[in-house]
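The chain is numbered in sequence order, starting from 1. Excluded from the calculations below are hydrogen atoms, water molecules and symmetry mates; all remaining heavy atoms, backbone and side chain alike, are included.
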Amino acid sequence: MKQSIIHNRRLARWAVAVAAALLATLTACRDDDVVFIPETVPVSQPEYTSVSGFYLLNEGNMGSNKSTLDYYDYATGRYTRNIYANANPTVPKEMGDVGNDAGIYGSRLYCVINCSNKVEVMDRDNCRRIGQINIPNCRFIKFYGGYAYVTSYAGPVVIDPNYKQRGYVAKVDTATLEVVDTCVVGFQPDQLDIAGGKIYVANSGGYMVPNYENTLSVIDLATFKEEARIPIAINLLGVVADRRGVLWVTSRGDYYSNPSDIYAYDTRKGRIVKRMDCRASSCWMDGDSLYVDSSDWSYVTGGNAKPRYQIINTLTMQVVDTCFIKDGTDGKIEKPYGVAVNPITKDIMVTDAKDYVSPGRLYCFGPDGQMKWNVRTGDIPAHFVFLGRNENEH
(Lines give C-alpha, C1' and ligand atoms only; values in the text may rest on other atoms or scores of the structure.)
Protein backbone atom coordinates (compact mmCIF):
# COMPACT_ATOMS: atom_id res chain seq x y z
CA MET A 1 0.00 0.00 0.00
CA LYS A 2 2.82 2.44 0.81
CA GLN A 3 4.28 1.99 -2.65
CA SER A 4 0.81 2.54 -4.05
CA ILE A 5 0.91 5.93 -2.33
CA ILE A 6 4.25 6.95 -3.79
CA HIS A 7 3.50 5.63 -7.24
CA ASN A 8 3.28 8.58 -9.58
CA ARG A 9 0.09 7.62 -11.30
CA ARG A 10 -1.57 7.50 -7.89
CA LEU A 11 -0.04 10.80 -6.89
CA ALA A 12 -3.02 12.02 -4.93
CA ARG A 13 -2.61 9.14 -2.50
CA TRP A 14 1.06 9.95 -2.16
CA ALA A 15 0.21 13.60 -1.71
CA VAL A 16 -1.62 13.03 1.55
CA ALA A 17 0.86 10.52 2.93
CA VAL A 18 4.27 12.10 2.40
CA ALA A 19 5.89 10.41 5.39
CA ALA A 20 4.95 6.95 4.15
CA ALA A 21 6.19 7.87 0.71
CA LEU A 22 9.60 8.90 1.97
CA LEU A 23 9.96 5.73 3.99
CA ALA A 24 9.02 3.55 1.03
CA THR A 25 11.37 5.45 -1.27
CA LEU A 26 14.30 4.98 1.07
CA THR A 27 13.75 1.26 1.40
CA ALA A 28 13.32 0.82 -2.37
CA CYS A 29 16.45 2.68 -3.54
CA ARG A 30 19.33 0.89 -5.22
CA ASP A 31 22.93 1.87 -5.93
CA ASP A 32 23.54 3.44 -9.33
CA ASP A 33 25.93 0.66 -10.37
CA VAL A 34 23.35 -2.09 -9.85
CA VAL A 35 21.75 -3.28 -13.09
CA PHE A 36 18.97 -5.72 -13.86
CA ILE A 37 20.15 -8.74 -15.83
CA PRO A 38 18.12 -9.26 -19.02
CA GLU A 39 16.38 -12.62 -19.14
CA THR A 40 14.35 -14.36 -21.84
CA VAL A 41 11.85 -17.07 -20.93
CA PRO A 42 9.39 -19.15 -22.99
CA VAL A 43 5.77 -18.52 -22.03
CA SER A 44 3.55 -19.71 -24.89
CA GLN A 45 3.28 -21.22 -28.34
CA PRO A 46 4.18 -18.97 -31.30
CA GLU A 47 1.43 -16.91 -32.92
CA TYR A 48 1.61 -15.32 -36.36
CA THR A 49 -0.46 -12.22 -37.07
CA SER A 50 0.25 -8.64 -38.11
CA VAL A 51 1.02 -7.90 -34.46
CA SER A 52 4.58 -9.12 -33.94
CA GLY A 53 4.91 -8.34 -30.24
CA PHE A 54 4.41 -5.80 -27.51
CA TYR A 55 6.49 -3.74 -25.12
CA LEU A 56 5.57 -3.47 -21.44
CA LEU A 57 6.97 -0.48 -19.56
CA ASN A 58 7.47 -1.18 -15.85
CA GLU A 59 7.22 2.00 -13.82
CA GLY A 60 9.58 1.10 -10.97
CA ASN A 61 9.37 2.74 -7.56
CA MET A 62 9.64 6.52 -7.34
CA GLY A 63 13.14 7.59 -6.40
CA SER A 64 14.74 4.21 -7.08
CA ASN A 65 15.76 4.52 -10.76
CA LYS A 66 14.17 1.14 -11.50
CA SER A 67 12.04 1.66 -14.60
CA THR A 68 12.55 -1.22 -17.05
CA LEU A 69 11.21 -2.33 -20.43
CA ASP A 70 10.05 -5.87 -21.25
CA TYR A 71 9.17 -7.37 -24.64
CA TYR A 72 6.97 -10.26 -25.71
CA ASP A 73 7.64 -11.82 -29.15
CA TYR A 74 4.58 -13.52 -30.62
CA ALA A 75 6.63 -15.36 -33.28
CA THR A 76 8.70 -17.19 -30.65
CA GLY A 77 6.36 -17.14 -27.67
CA ARG A 78 9.21 -15.77 -25.57
CA TYR A 79 9.22 -12.95 -23.03
CA THR A 80 12.33 -10.84 -22.41
CA ARG A 81 12.73 -8.84 -19.21
CA ASN A 82 14.71 -5.59 -19.18
CA ILE A 83 15.37 -5.53 -22.90
CA TYR A 84 16.58 -1.91 -22.73
CA ALA A 85 19.61 -2.80 -20.59
CA ASN A 86 20.74 -5.45 -23.04
CA ALA A 87 20.37 -3.11 -26.03
CA ASN A 88 22.09 -0.18 -24.29
CA PRO A 89 24.83 -1.51 -22.00
CA THR A 90 26.69 1.83 -21.86
CA VAL A 91 23.77 3.89 -20.55
CA PRO A 92 24.82 4.40 -16.89
CA LYS A 93 21.44 4.55 -15.15
CA GLU A 94 19.44 2.46 -17.61
CA MET A 95 15.97 3.89 -18.34
CA GLY A 96 15.60 6.06 -15.25
CA ASP A 97 13.05 6.97 -12.61
CA VAL A 98 9.34 6.12 -13.09
CA GLY A 99 8.27 4.95 -16.54
CA ASN A 100 4.95 6.71 -17.07
CA ASP A 101 3.87 6.04 -20.68
CA ALA A 102 5.00 4.48 -23.94
CA GLY A 103 4.14 4.78 -27.62
CA ILE A 104 5.41 3.94 -31.09
CA TYR A 105 5.45 6.44 -33.94
CA GLY A 106 7.07 5.57 -37.25
CA SER A 107 10.26 3.63 -36.64
CA ARG A 108 10.76 4.87 -33.08
CA LEU A 109 9.68 3.78 -29.61
CA TYR A 110 9.10 6.55 -27.06
CA CYS A 111 9.08 6.00 -23.28
CA VAL A 112 8.08 8.84 -20.95
CA ILE A 113 10.29 8.71 -17.85
CA ASN A 114 8.56 11.00 -15.40
CA CYS A 115 10.97 11.85 -12.56
CA SER A 116 14.00 11.64 -14.86
CA ASN A 117 12.42 14.55 -16.79
CA LYS A 118 12.87 12.96 -20.20
CA VAL A 119 11.30 11.03 -23.02
CA GLU A 120 13.61 8.20 -23.99
CA VAL A 121 13.63 7.59 -27.78
CA MET A 122 14.68 4.21 -29.19
CA ASP A 123 14.62 2.19 -32.39
CA ARG A 124 11.30 0.37 -32.25
CA ASP A 125 12.78 -2.92 -33.50
CA ASN A 126 15.87 -3.31 -31.31
CA CYS A 127 15.43 -0.72 -28.51
CA ARG A 128 18.76 0.91 -29.21
CA ARG A 129 18.84 4.42 -27.86
CA ILE A 130 18.47 7.24 -30.40
CA GLY A 131 18.24 10.16 -28.02
CA GLN A 132 16.09 11.86 -25.43
CA ILE A 133 13.68 14.76 -25.21
CA ASN A 134 14.10 16.87 -22.08
CA ILE A 135 10.70 17.73 -20.56
CA PRO A 136 10.34 18.40 -16.83
CA ASN A 137 7.98 16.15 -14.86
CA CYS A 138 6.65 14.64 -18.09
CA ARG A 139 3.61 12.36 -17.97
CA PHE A 140 1.89 11.04 -21.12
CA ILE A 141 2.40 11.10 -24.89
CA LYS A 142 0.31 11.16 -28.09
CA PHE A 143 1.28 11.54 -31.75
CA TYR A 144 -0.26 13.37 -34.68
CA GLY A 145 0.96 14.78 -37.99
CA GLY A 146 4.69 14.38 -37.40
CA TYR A 147 4.61 15.67 -33.84
CA ALA A 148 4.60 14.13 -30.37
CA TYR A 149 2.47 15.85 -27.74
CA VAL A 150 3.65 15.35 -24.17
CA THR A 151 1.98 16.50 -20.96
CA SER A 152 4.17 18.05 -18.29
CA TYR A 153 3.47 19.01 -14.67
CA ALA A 154 6.14 21.68 -15.32
CA GLY A 155 6.92 22.27 -11.65
CA PRO A 156 8.72 20.18 -9.03
CA VAL A 157 7.24 17.26 -7.11
CA VAL A 158 5.80 19.05 -4.09
CA ILE A 159 2.46 18.91 -2.31
CA ASP A 160 0.85 22.32 -1.82
CA PRO A 161 -2.90 23.14 -1.83
CA ASN A 162 -1.88 26.55 -3.19
CA TYR A 163 0.42 25.24 -5.93
CA LYS A 164 0.98 28.01 -8.49
CA GLN A 165 2.68 26.27 -11.41
CA ARG A 166 0.29 25.26 -14.17
CA GLY A 167 1.25 22.39 -16.41
CA TYR A 168 1.66 22.40 -20.16
CA VAL A 169 1.65 20.28 -23.29
CA ALA A 170 4.93 20.18 -25.20
CA LYS A 171 4.86 19.92 -29.01
CA VAL A 172 7.84 17.88 -30.20
CA ASP A 173 9.10 17.59 -33.78
CA THR A 174 9.60 13.83 -34.19
CA ALA A 175 12.20 14.38 -36.92
CA THR A 176 14.52 16.52 -34.78
CA LEU A 177 13.35 15.51 -31.26
CA GLU A 178 13.18 19.20 -30.40
CA VAL A 179 10.41 20.89 -28.41
CA VAL A 180 9.06 23.47 -30.86
CA ASP A 181 6.18 24.90 -28.80
CA THR A 182 4.34 24.63 -25.49
CA CYS A 183 0.74 25.29 -24.46
CA VAL A 184 -0.14 26.04 -20.84
CA VAL A 185 -3.12 24.05 -19.54
CA GLY A 186 -4.47 23.25 -16.06
CA PHE A 187 -2.70 21.97 -12.97
CA GLN A 188 -0.87 18.63 -13.20
CA PRO A 189 -2.09 17.44 -16.63
CA ASP A 190 -2.10 13.69 -17.19
CA GLN A 191 -3.43 11.72 -20.16
CA LEU A 192 -4.41 13.32 -23.45
CA ASP A 193 -6.11 12.30 -26.68
CA ILE A 194 -6.76 13.86 -30.07
CA ALA A 195 -10.15 14.05 -31.81
CA GLY A 196 -11.76 16.35 -34.35
CA GLY A 197 -8.76 18.65 -34.66
CA LYS A 198 -8.52 19.18 -30.90
CA ILE A 199 -6.24 17.91 -28.14
CA TYR A 200 -8.10 17.04 -24.94
CA VAL A 201 -6.03 17.03 -21.74
CA ALA A 202 -7.07 15.61 -18.37
CA ASN A 203 -6.03 18.06 -15.63
CA SER A 204 -5.67 16.38 -12.22
CA GLY A 205 -4.42 18.95 -9.73
CA GLY A 206 -2.87 16.00 -7.90
CA TYR A 207 -0.27 18.16 -6.13
CA MET A 208 -3.01 20.41 -4.77
CA VAL A 209 -4.87 17.90 -2.60
CA PRO A 210 -7.56 18.51 -1.41
CA ASN A 211 -8.02 21.33 -3.97
CA TYR A 212 -8.04 19.07 -7.02
CA GLU A 213 -8.51 20.28 -10.59
CA ASN A 214 -11.67 19.14 -12.39
CA THR A 215 -11.27 20.15 -16.04
CA LEU A 216 -10.38 18.96 -19.51
CA SER A 217 -8.25 21.46 -21.40
CA VAL A 218 -9.12 21.82 -25.09
CA ILE A 219 -6.25 22.78 -27.41
CA ASP A 220 -6.77 23.64 -31.07
CA LEU A 221 -4.31 21.59 -33.13
CA ALA A 222 -3.94 24.22 -35.84
CA THR A 223 -3.05 27.12 -33.55
CA PHE A 224 -1.77 25.08 -30.59
CA LYS A 225 -3.63 27.39 -28.22
CA GLU A 226 -5.87 26.42 -25.32
CA GLU A 227 -9.40 27.48 -26.21
CA ALA A 228 -11.45 26.09 -23.30
CA ARG A 229 -11.47 24.19 -20.03
CA ILE A 230 -14.42 21.87 -19.55
CA PRO A 231 -15.49 20.89 -16.00
CA ILE A 232 -15.82 17.09 -15.70
CA ALA A 233 -14.88 15.74 -12.24
CA ILE A 234 -12.08 16.05 -9.69
CA ASN A 235 -8.61 14.55 -10.03
CA LEU A 236 -8.83 13.43 -13.67
CA LEU A 237 -6.44 10.80 -14.99
CA GLY A 238 -7.46 9.38 -18.36
CA VAL A 239 -9.09 10.52 -21.57
CA VAL A 240 -9.62 8.36 -24.65
CA ALA A 241 -11.76 9.15 -27.68
CA ASP A 242 -14.03 6.60 -29.30
CA ARG A 243 -14.95 6.45 -33.00
CA ARG A 244 -17.96 8.74 -32.58
CA GLY A 245 -16.22 11.68 -30.95
CA VAL A 246 -17.14 10.74 -27.39
CA LEU A 247 -14.39 11.14 -24.81
CA TRP A 248 -14.19 8.55 -22.04
CA VAL A 249 -12.73 10.42 -19.11
CA THR A 250 -11.63 8.80 -15.85
CA SER A 251 -11.54 10.47 -12.44
CA ARG A 252 -9.51 9.08 -9.55
CA GLY A 253 -11.87 10.66 -7.03
CA ASP A 254 -10.56 11.80 -3.65
CA TYR A 255 -10.02 8.40 -1.95
CA TYR A 256 -12.63 9.30 0.66
CA SER A 257 -16.31 9.87 -0.18
CA ASN A 258 -15.83 10.35 -3.93
CA PRO A 259 -14.71 7.13 -5.64
CA SER A 260 -13.17 6.83 -9.09
CA ASP A 261 -15.56 6.93 -12.04
CA ILE A 262 -15.87 7.20 -15.82
CA TYR A 263 -17.62 10.02 -17.67
CA ALA A 264 -18.70 10.06 -21.32
CA TYR A 265 -18.30 13.54 -22.80
CA ASP A 266 -19.76 14.04 -26.28
CA THR A 267 -17.60 16.56 -28.16
CA ARG A 268 -20.38 17.17 -30.72
CA LYS A 269 -22.99 17.99 -28.09
CA GLY A 270 -20.53 19.74 -25.82
CA ARG A 271 -21.67 18.03 -22.63
CA ILE A 272 -21.38 14.95 -20.41
CA VAL A 273 -23.88 12.42 -21.72
CA LYS A 274 -23.34 9.69 -19.13
CA ARG A 275 -21.72 9.03 -15.79
CA MET A 276 -20.98 5.31 -15.70
CA ASP A 277 -20.79 4.67 -11.94
CA CYS A 278 -17.89 2.38 -12.85
CA ARG A 279 -14.66 2.27 -10.83
CA ALA A 280 -11.60 2.80 -13.00
CA SER A 281 -7.84 2.61 -12.60
CA SER A 282 -6.68 1.62 -16.09
CA CYS A 283 -8.57 1.60 -19.40
CA TRP A 284 -7.94 0.34 -22.93
CA MET A 285 -10.10 1.09 -25.96
CA ASP A 286 -10.50 -1.67 -28.54
CA GLY A 287 -13.09 -0.94 -31.23
CA ASP A 288 -16.35 -0.21 -29.42
CA SER A 289 -15.18 -1.87 -26.20
CA LEU A 290 -13.57 -0.07 -23.28
CA TYR A 291 -11.76 -2.53 -21.01
CA VAL A 292 -11.46 -1.27 -17.44
CA ASP A 293 -9.71 -2.61 -14.36
CA SER A 294 -9.81 -1.06 -10.91
CA SER A 295 -8.65 -1.51 -7.35
CA ASP A 296 -9.51 1.74 -5.59
CA TRP A 297 -7.63 2.74 -2.45
CA SER A 298 -9.83 4.22 0.31
CA TYR A 299 -8.69 6.15 3.36
CA VAL A 300 -12.08 5.43 4.91
CA THR A 301 -11.55 1.65 4.94
CA GLY A 302 -7.76 1.78 5.03
CA GLY A 303 -7.43 -0.65 2.12
CA ASN A 304 -8.09 -1.38 -1.51
CA ALA A 305 -11.53 -2.24 -2.84
CA LYS A 306 -12.11 -5.62 -4.42
CA PRO A 307 -10.63 -5.55 -7.94
CA ARG A 308 -13.02 -5.24 -10.86
CA TYR A 309 -12.59 -6.16 -14.52
CA GLN A 310 -15.33 -4.64 -16.66
CA ILE A 311 -16.13 -4.01 -20.31
CA ILE A 312 -18.15 -1.00 -21.44
CA ASN A 313 -19.82 -0.97 -24.86
CA THR A 314 -19.11 2.60 -25.99
CA LEU A 315 -21.91 2.48 -28.57
CA THR A 316 -24.67 1.64 -26.07
CA MET A 317 -22.84 3.21 -23.10
CA GLN A 318 -23.58 0.15 -20.98
CA VAL A 319 -21.41 -2.16 -18.89
CA VAL A 320 -21.71 -5.43 -20.83
CA ASP A 321 -19.37 -7.56 -18.74
CA THR A 322 -18.80 -7.18 -15.00
CA CYS A 323 -15.79 -9.54 -14.94
CA PHE A 324 -13.96 -10.39 -18.15
CA ILE A 325 -11.77 -12.92 -16.27
CA LYS A 326 -13.85 -16.10 -16.26
CA ASP A 327 -11.62 -18.83 -14.80
CA GLY A 328 -11.12 -17.58 -11.23
CA THR A 329 -7.65 -16.15 -11.86
CA ASP A 330 -8.92 -12.75 -10.73
CA GLY A 331 -8.73 -14.12 -7.19
CA LYS A 332 -4.94 -14.48 -7.56
CA ILE A 333 -4.30 -10.93 -8.78
CA GLU A 334 -3.38 -8.69 -5.86
CA LYS A 335 -3.22 -5.20 -7.42
CA PRO A 336 -4.43 -4.92 -11.04
CA TYR A 337 -2.47 -2.10 -12.57
CA GLY A 338 -2.58 -2.16 -16.35
CA VAL A 339 -4.80 -3.57 -19.07
CA ALA A 340 -4.39 -3.97 -22.84
CA VAL A 341 -6.03 -5.88 -25.69
CA ASN A 342 -4.31 -7.41 -28.72
CA PRO A 343 -6.06 -5.72 -31.68
CA ILE A 344 -6.02 -8.92 -33.77
CA THR A 345 -6.48 -11.90 -31.43
CA LYS A 346 -8.42 -9.90 -28.79
CA ASP A 347 -6.35 -11.52 -26.04
CA ILE A 348 -6.55 -9.45 -22.85
CA MET A 349 -3.44 -8.52 -20.88
CA VAL A 350 -3.71 -7.66 -17.19
CA THR A 351 -0.76 -6.69 -14.99
CA ASP A 352 -0.44 -7.21 -11.25
CA ALA A 353 1.73 -4.74 -9.30
CA LYS A 354 1.59 -6.97 -6.21
CA ASP A 355 3.24 -5.07 -3.30
CA TYR A 356 4.68 -2.27 -5.51
CA VAL A 357 8.27 -3.00 -4.41
CA SER A 358 8.97 -6.41 -5.96
CA PRO A 359 8.52 -7.82 -9.48
CA GLY A 360 4.97 -7.84 -10.76
CA ARG A 361 3.19 -10.33 -12.99
CA LEU A 362 1.55 -10.26 -16.41
CA TYR A 363 -1.48 -12.44 -17.21
CA CYS A 364 -2.73 -13.16 -20.73
CA PHE A 365 -6.39 -14.17 -21.13
CA GLY A 366 -8.13 -15.29 -24.27
CA PRO A 367 -11.24 -13.39 -25.37
CA ASP A 368 -13.19 -16.15 -23.58
CA GLY A 369 -11.68 -15.01 -20.26
CA GLN A 370 -9.57 -18.15 -19.79
CA MET A 371 -5.91 -17.66 -18.83
CA LYS A 372 -3.45 -18.63 -21.57
CA TRP A 373 -0.18 -17.82 -19.80
CA ASN A 374 1.45 -15.63 -17.17
CA VAL A 375 4.98 -14.39 -16.53
CA ARG A 376 7.03 -12.37 -14.05
CA THR A 377 7.69 -8.73 -15.03
CA GLY A 378 9.65 -5.79 -13.67
CA ASP A 379 8.44 -3.66 -10.76
CA ILE A 380 4.97 -2.07 -11.22
CA PRO A 381 4.14 -3.25 -14.76
CA ALA A 382 1.79 -0.74 -16.37
CA HIS A 383 2.04 0.57 -19.94
CA PHE A 384 1.67 -1.46 -23.14
CA VAL A 385 2.41 -0.68 -26.77
CA PHE A 386 1.88 -3.26 -29.53
CA LEU A 387 4.35 -3.57 -32.38
CA GLY A 388 2.51 -3.84 -35.68
CA ARG A 389 -1.09 -2.97 -36.50
CA ASN A 390 -2.66 -0.16 -34.44
CA GLU A 391 0.69 0.63 -32.83
CA ASN A 392 0.18 4.39 -33.15
CA GLU A 393 -3.27 4.42 -31.57
CA HIS A 394 -2.17 4.19 -27.94
Side-chain angles (χ1 to χ4, degrees), residues 1-18 20-21 24 59 61-62 100 139-140 159 188 190-191 202-214 232-240 248-264 272 274-284 290-312 319 321-325 329-340 348-357 360-361 363 380-383:
M1 186 273 287
K2 291 178 181 178
Q3 288 298 325
S4 158
I5 294 170
I6 73 164
H7 171 233
N8 222 355
R9 236 180 41 174
R10 304 293 191 272
L11 197 48
R13 303 182 200 174
W14 174 84
V16 295
V18 176
E59 294 191 347
N61 321 101
M62 183 187 290
N100 216 70
R139 300 291 292 175
F140 291 91
I159 306 308
Q188 291 85 63
D190 276 320
Q191 293 180 20
N203 299 310
S204 72
Y207 286 171
M208 301 170 65
V209 57
N211 302 325
Y212 295 111
E213 262 267 32
N214 69 341
I232 301 290
I234 64 167
N235 199 8
L236 299 182
L237 169 62
V239 54
V240 58
W248 295 84
V249 185
T250 61
S251 162
R252 301 176 180 95
D254 64 4
Y255 313 110
Y256 286 94
S257 57
N258 295 309
S260 65
D261 211 336
I262 302 176
Y263 299 79
I272 296 172
K274 185 126 185 211
R275 178 177 179 175
M276 295 304 302
D277 191 23
C278 178
R279 304 299 155 263
S281 299
S282 302
C283 298
W284 185 278
L290 185 68
Y291 291 76
V292 184
D293 68 13
S294 68
S295 181
D296 280 8
W297 170 259
S298 169
Y299 285 108
V300 176
T301 65
N304 290 85
K306 181 180 179 181
R308 303 184 188 186
Y309 307 90
Q310 303 185 78
I311 302 176
I312 296 172
V319 174
D321 196 335
T322 57
C323 186
F324 56 70
I325 299 174
T329 305
D330 53 308
K332 300 179 181 178
I333 299 175
E334 297 177 44
K335 300 292 188 302
Y337 206 76
V339 63
I348 307 165
M349 312 296 163
V350 176
T351 65
D352 184 357
K354 294 189 175 294
D355 62 1
Y356 301 101
V357 295
R361 200 147 199 97
Y363 293 85
I380 314 181
H383 309 285

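- With sequence neighbours left out, Thr329 forms a side chain to side chain donor-acceptor pair (under 3.5 Å) with Asp327.
- Closest of all the heavy-atom pairs between Gly206 and Asn235 is CA-OD1, 4.4 Å.
- The two atoms that bring Lys354 and Lys335 nearest to each other are O-CG, 3.1 Å, heavy atoms only.
- In terms of the ring-ring contact (aromatic ring centres under 6.0 Å, His included) criterion, residue partners of Tyr309 (sequence neighbours excluded) are, by chain and number, Phe324.
- Taking the side-chain contact (heavy atoms from CB on, under 4.5 Å) definition, one finds that Asp254 meets it with Tyr212, Ile234, Tyr256, Ser257, Asn258, sequence neighbours left out.
- Proximity of a side-chain donor or acceptor of Asp190 to a complementary backbone N or O of Ala202 within less than 3.5 Å is not detected.
- Taking Arg308 as the reference, nothing meets the side chain to side chain donor-acceptor pair (under 3.5 Å) condition, with sequence neighbours excluded.
- Taking both residues in full, the closest heavy atoms of Ser281 and Ser294 are given as OG-CA, 3.3 Å, listed atom of the first, atom of the second, then distance.
- Annotation: side-chain contact (heavy atoms from CB on, under 4.5 Å) contacts of Lys274 (sequence neighbours excluded): Ala264, Met276, Met317, Gln318.
- Atom-to-atom distance recorded for Tyr356:OH and Met62:CE is 13.5 Å, nearest 0.5 angstrom.
- In terms of modelled atom types and a separation under 3.5 Å, the side chain of Asn304 and the main chain of Ser295 share a donor-acceptor contact.
- Counting only heavy atoms from C-beta outward, the side chains of Cys283 and Thr250 approach each other to under 4.5 Å.
- Listed here is the closest heavy atom pair of Asp277 and Asp261: N-OD1, 2.9 Å.
- Considering only heavy atoms from C-beta on, Tyr363 stays 4.5 Å or farther from Ile325 through its side chain.
- Taken from CG in Asp321 to CD1 in Ile311, the straight-line distance is 4.5 Å, to the nearest 0.5 Å.
- Every side-chain contact (heavy atoms from CB on, under 4.5 Å) that Ala233 has, sequence neighbours left out, goes to Leu236, Ser251, Tyr263.
- The CZ atom of Arg275 sits 11.5 Å away from atom CD1 of Ile262, with the distance rounded to the nearest 0.5 Å.
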(message) Go through it in stages, so that I can follow the logic: the residues are Ile348 and Val339, the test is side chain to side chain contact (heavy atoms under 4.5 Å, CB included), and I'd like the CA-CA distance, side-chain angles, deciding distance and then a yes or no.
(response) CA-CA 7 Å; Ile348 307 165; Val339 63; 4.2 Å; yes
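- Side-chain atoms of Thr351 come within 3.5 Å of backbone N or O of Pro381 as a donor-acceptor pair.
- Taking Asp352 as the reference, nothing meets the side chain to side chain donor-acceptor pair (under 3.5 Å) condition, with sequence neighbours excluded.
- For the atom pair OH (Tyr299) and OH (Tyr255), the distance works out to 8.0 Å, reported to the nearest 0.5 Å.
- The CZ atom of Arg139 lies 9.0 Å from the CD atom of Gln188; values are rounded to the nearest 0.5 Å.
- Here the shortest heavy-atom pairing between Gln191 and Gly238 reads OE1-CA, 3.2 Å.
- Within the structure, salt bridge (Lys or Arg N to Asp or Glu O under 4.0 Å) contacts touching residues 204-214 (residues at least two apart or in different chains) are Arg166-Glu213.
- Under the side chain to side chain donor-acceptor pair (under 3.5 Å) criterion, Ser260 pairs with Asp296, not counting sequence neighbours.
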